[in-house]
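Every heavy atom of this structure was used, including side-chain atoms; hydrogens, water molecules and symmetry mates were not.
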Amino acid sequence: MASLSCSANDLAPLINHTAAANYLCAQFDAISKKLNDTTYAVDNTYLLFSAYLVFAMQLGFAMLCAGSVRAKNTMNIMLTNVLDAAAGGLSYYLFGFAFAFGAPSNGFIGRHFFGLRRYPWPSGDYSFFLYQWAFAIAAAGITSGSIAERTQFVAYLIYSSFLTGFVYPIVSHWFWSSDGWASPTRNHGNLLFGSGVIDFAGSGVVHMVGGIAGLWGAFIEGPRIGRFDRTGRSVALRGHSASLVVLGSFLLWFGWYGFNPGSFLTIAKGYGGGYYGQWSAIGRTAVTTTLAGSTAALTTLFGKRLLVGHWNVIDVCNGLLGGFAAITSGCSVVEPWAAIVCGFMAAWVLIGLNKLAAKVEYDDPLEAAQLHGGCGAWGVLFTGLFAKREYVEEVYGVGRPFGVFMGGGWRLVAAQAIQILVVCGWVTATMAPLFYGLHKMNLLRISSDDETAGMDLTRHGGFAYAYHDDDDDGSSRGAGFMMRKIEPASAIPSPTTAPQV
């Protein structure tokens, strides 16, 4: 909010009384200070509320992951989601936030605010740290889904801390910091292609980072036992609870209203007076988010019906999340109708990548690499195609390149393509060696016996609840733990039983 000022020297000649002028200016300055304080309070409250919504997405990830794995690994995957938040909290506090936003710095990495030393400062408060931490652990949560049901516990701790404390912060510095070499808000030097990369809420920064990290983890580990038969044919290892998957998807949907609209960081900002201001842009962003996810869900529903012949709620939930991951980049700068295009294409990107994954025998229990990595990359490119000039200027300033399909030329598309390439390269250069090193030290994958029995029993001391997985042959059941599948009673008498007269 612009500061208001009053000068007694200027006011005194108008009212012909110096004391009165001093009094009026003092009152005017007090009102101005109060208005500024109120603006800061409103903006910080808005950002804190958005941070709470994004953090609530961790519960969504936990439910989604739990429902997508077999029951014998439920406790394990729930614990990894808790640790993503806990380990990520410490690593982001100690190192990650400084690497991401430690200004002043160079274009590659931040150099200040380690352990929040000398923070807050005029350009940021504790609410900003909390919001960015919630984003960092979201990236780690994406990766945990790709390597579920076969990964050692120590590997989770190592990769989660490394991802949230170093890999992810570097990427967010490049594209979101005011010092980043590809940031659209860079405050010194030339912008990349005169534009910088528009990745408003993180299709590339969050979703591609988490998805590509998961891709390398799952690739180096290899598929779960039984996921492909000896001929290479795909065998479904279905999750044990569609109810948890749906619950998790709705929680993530709810949290996305903090993820995307919250990325404005402030709300009390006018765009020239009247009813239209940043609050309107925030509302529009919530609408584009909703439309992209909804369109992707419906497209997946009917697309999978045509391809496989049935209606599958798990596929619909994944399609929904794929639409959200795609629109996250351009949610603030595209028209609502363009969000429908984004969601439609995201659904087919996900379907196509899942087909490819089955052909190359790649196993990702939650389709995280395909969903977040693939749909995230499409979302980054989509922004370069459909960003509207008016909205780009509202968010980033006048004179910026905008979408090529909206008459803005190719400069923004070029910047977006650079982001896709450098994110893929950076995450590959950092996470692939980490996973490979853990693999060579036998710290990555659990033994085949433990995998067959399930990590809840072998690593966590018991089961989440009594269950029977269809692929169990009974050999993995603990001593004294009887599990029996209950079949519906038949109305037809058994042929071996004589009818009663």
Side-chain angles (χ1 to χ4, degrees), residues 58 61-88 91 137-165 167-168 209-228 237-240 248 357 361-373 427-428 430-464 469 471 476:
Q58 290 300 118
F61 278 125
M63 296 298 100
L64 180 70
C65 289
S68 299
V69 302
R70 290 164 291 179
K72 61 187 179 183
N73 296 310
T74 304
M75 287 180 64
N76 173 264
I77 197 67
M78 296 285 276
L79 181 57
T80 62
N81 277 272
V82 174
L83 288 174
D84 284 337
S91 61
I137 61 175
I142 292 167
T143 304
S144 67
S146 294
I147 57 179
E149 297 202 284
R150 59 205 191 272
T151 305
Q152 291 192 46
F153 189 66
V154 66
Y156 280 111
L157 288 174
I158 294 172
Y159 97 77
S160 182
S161 298
F162 184 62
L163 185 66
T164 56
V167 178
Y168 166 82
V209 168
I212 296 168
L215 170 69
W216 283 108
F219 175 76
I220 291 170
E221 275 193 309
R224 291 166 291 172
I225 295 173
R227 179 64 178 85
F228 298 96
L237 300 180
R238 299 190 184 281
H240 79 281
E361 299 186 24
Y362 170 79
D363 180 25
D364 186 329
L366 275 88
E367 302 176 5
Q370 302 94 295
L371 193 161
H372 296 278
V427 178
T428 297
T430 51
M431 295 302 294
L434 175 67
F435 282 121
Y436 185 73
L438 292 172
H439 169 69
K440 297 301 288 185
M441 291 186 290
N442 294 319
L443 295 175
L444 185 59
R445 185 161 185 159
I446 60 175
S447 68
S448 58
D449 289 341
D450 285 357
E451 185 175 343
T452 302
M455 284 186 283
D456 287 2
L457 179 63
T458 60
R459 300 296 175 110
H460 304 289
F463 298 98
D469 276 333
D471 61 334
S476 63

Q.
Using the side-chain contact (heavy atoms from CB on, under 4.5 Å) criterion, which residues pair with T151? Sequence neighbours excluded.
A. I147, A155, Y156, E221, L444
(Q) Distance check, rounded to the nearest 0.5 Å: R445 atom CZ versus D450 atom CG? (A) 11.5 Å
Q) With sequence neighbours excluded, what pairs up with F219 under the ring pair (Phe, Tyr, Trp, His ring centres under 6.0 Å) test? A) W216
Q. How many angstroms lie between OG in S161 and CG in L83, if you round to the nearest 0.5 Å?
A. 9.0 Å
Q | P365 vs R150 side-chain heavy atoms within contact, under 4.5 Å | A | yes
Q. What is the minimum heavy-atom distance between A432 and T428, and which atoms define it?
A. CB-O, 3.1 Å
Q | Contact summary for A66 and M78, nearest pair of heavy atoms | A | CB-SD, 3.7 Å
Q) Can you find a heavy atom in the side chain of D84 that is under 4.5 Å from one in the side chain of F61? A) no
Q: Could you tell me which non-hydrogen atom of S160 sits nearest to which non-hydrogen atom of A87, and how far apart they are?
A: OG-CB, 4.5 Å
Q. Can you name the residues that form a side-chain contact (heavy atoms from CB on, under 4.5 Å) with V154, not counting sequence neighbours?
A. Q152, I158, L443
**Q.** L366 vs C65, side chain to side chain contact (heavy atoms under 4.5 Å, CB included): CA-CA, chis, key distance, verdict
**A.** CA-CA 7 Å; L366 275 88; C65 289; 3.5 Å; yes
Q) Any idea which heavy atoms bring S91 and G165 closest together, and the distance? A) OG-N, 3.8 Å
Q | Chi angles and distances behind the side chain to side chain contact (heavy atoms under 4.5 Å, CB included) call for L163, V209 | A | CA-CA 9 Å; L163 185 66; V209 168; 4.0 Å; yes
Q) Within the distance-only criterion (no hydrogens, no angle test), does the side chain of E451 pair as donor or acceptor with the backbone N or O of I225 below 3.5 angstrom? A) yes
Q: Side-chain contact test, heavy atoms from C-beta onward, threshold under 4.5 Å: evaluate it for N76 versus H460 and give yes or no.
A: yes
Q: Search all heavy atoms of A357 against all heavy atoms of F228 and return the closest pair with its distance.
A: O-CZ, 4.5 Å
Q. When rounded to the nearest 0.5 angstrom, what is the spacing between CG in N73 and CG in L237?
A. 10.5 Å
Q: Kindly determine whether S144 and Y159 satisfy side chain to side chain contact (heavy atoms under 4.5 Å, CB included), including the steps that lead there.
A: CA-CA 9 Å; S144 67; Y159 97 77; 3.2 Å; yes
Q. Where do G88 and T164 come nearest, in terms of heavy atoms and distance?
A. CA-OG1, 3.4 Å
Q) Residues two or more places apart in sequence or in another chain: which of them pass salt bridge (Lys or Arg N to Asp or Glu O under 4.0 Å) with E149? A) R70, R224
Q: Applying ring pair (Phe, Tyr, Trp, His ring centres under 6.0 Å), name anything that partners Y362, two or more places apart in sequence or on another chain.
A: none
Q.
Strictly by salt bridge (charged side-chain N to carboxylate O under 4.0 Å, His left out), give each pair with a member in residues 151-160 just once, sequence neighbours left out.
A. none
Q) CE/M455 to OG1/T74 distance, rounded to the nearest 0.5 angstrom? A) 10.5 Å
Q | Gap separating the OG atom of S68 from the CZ atom of R238, nearest 0.5 angstrom | A | 12.0 Å
Q: Start with the C-alpha gap between Y168 and T143, add the side-chain angles, then the distance that decides, and say whether side chain to side chain contact (heavy atoms under 4.5 Å, CB included) holds.
A: CA-CA 12 Å; Y168 166 82; T143 304; over 6 Å; no
**Q.** From CG (L215) to CD (Q370), nearest 0.5 Å
**A.** 8.0 Å
